[in-house]
Chemist: 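Sending over a structure as structure tokens; questions will come in a sec.
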Amino acid sequence: MKFTYIDSLATQHELHFKVYAYRSVMEFIVAEGLEDFGDCMGRAWCGTCAVKVISGNLVADKTQEEKLCLTSNFLDKSKRLTCQISLTAALDGAVLQYDTEDFV
Ligand code: FES
């Protein structure tokens, strides 16, 4: 399975993954050396790991903690916190783009 990640420098990466190989997409992206984000260590507090979901059915899966963080920090409903996205089949084929521009 794979998904596409467009990083903070607008470079596109095709990332192959095994289901649950990492605790979250955020940990996977950091392990791949693509970003140095995740200030709250995946607690859905900081918003530094936010992405825009360009394609894929991931928006409806938001956790309660994520909704609270995104409501207070973001206006765009298409955003997710990568620390709250699991490496599951739902991620297969998705396109995620680094996007913290609305972060306050
Ligand atoms: S690591 Fe802080 S919100 Fe995801």
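Small disclaimer: the values here were computed from a predicted structure and weren't measured. In what follows, every heavy atom counts, from backbone to side chain, and hydrogens, waters and symmetry copies are set aside. Indexing begins at 1, ligand by ligand and atom by atom, following the structure's order.
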Chemist: In terms of residue, atom name and distance, what is the protein heavy atom nearest to atom 3 (S) of ligand 1?
Modeler: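 Answer for atom 3 (S) of ligand 1: G47 N, 3.2 Å.
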
Chemist: Which bit of A44 is near ligand 1, meaning a heavy atom under 4.0 Å away: side chain, backbone, both or neither?
Modeler: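 The backbone, only.
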
Chemist: Spell out, yes or no, whether I6 and V53 are grouped together once hydrophobic residues are joined by side-chain heavy atoms under 4.5 Å, including indirect joins.
Modeler: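 They do not share one cluster, since no chain of ILVMFWY contacts under 4.5 Å joins I6 to V53.
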
Chemist: Give the atom numbers and elements of ligand 1 that come within less than 4.0 Å of a heavy atom of G42.
Modeler: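 Near G42, the atoms of ligand 1 are 1 (S).
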
Chemist: Carefully, step by step, assess S8 and E35 under the rule side chain to side chain donor-acceptor pair (under 3.5 Å).
Modeler: CA-CA 8 Å; S8 51; E35 306 287 2; 2.8 Å; yes

Chemist: Measure W45 to ligand 1 on non-hydrogen atoms and call it side chain, backbone, both or neither using the 4.0 Å cut-off.
Modeler: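 Backbone only.
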
Chemist: With a 3.5 Å distance limit and no angle check, can you tell me whether R80 reaches the backbone of Q84 through a side-chain donor-acceptor pair?
Modeler: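 Such a contact is found between R80 side chain and Q84 backbone.
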
Chemist: Determine whether any heavy atom of C69 lies closer than 4.0 Å to an atom of ligand 1.
Modeler: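 Heavy atoms of C69 never come under 4.0 Å of ligand 1.
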
Chemist: Look at the rings of F37 and Y5 and say which category their plane angle falls in: under 30° parallel, 30 to 60° tilted, over 60° perpendicular.
Modeler: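 The arrangement is perpendicular - the two ring planes meet at more than 60°.
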
Chemist: Is C40 close enough to atom 4 (Fe) of ligand 1 to have an N, O or S atom under 2.8 Å?
Modeler: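 Checking atom 4 (Fe) of ligand 1 against C40, no N, O or S atom falls under 2.8 Å.
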
Chemist: Using a 4.0 Å cut-off to any heavy atom of G38, which atoms of ligand 1 qualify?
Modeler: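 Listed by number with element: 1 (S).
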
Chemist: Taking all non-hydrogen atoms of both residues into account, name the closest pair between E14 and H16 and its distance.
Modeler: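 For E14 versus H16, the nearest heavy atoms are OE1-NE2, 3.7 Å.
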
Chemist: I'd like to know if atom 4 (Fe) of ligand 1 has an N/O/S atom from C49 within less than 2.8 Å of it, counting both backbone and side-chain atoms.
Modeler: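 True for C49.
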
Chemist: Assess whether atom CG of D92 is packed by more than 12 heavy atoms of other residues, nucleotides or ligands within 6.0 Å.
Modeler: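 Count over threshold, so yes.
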
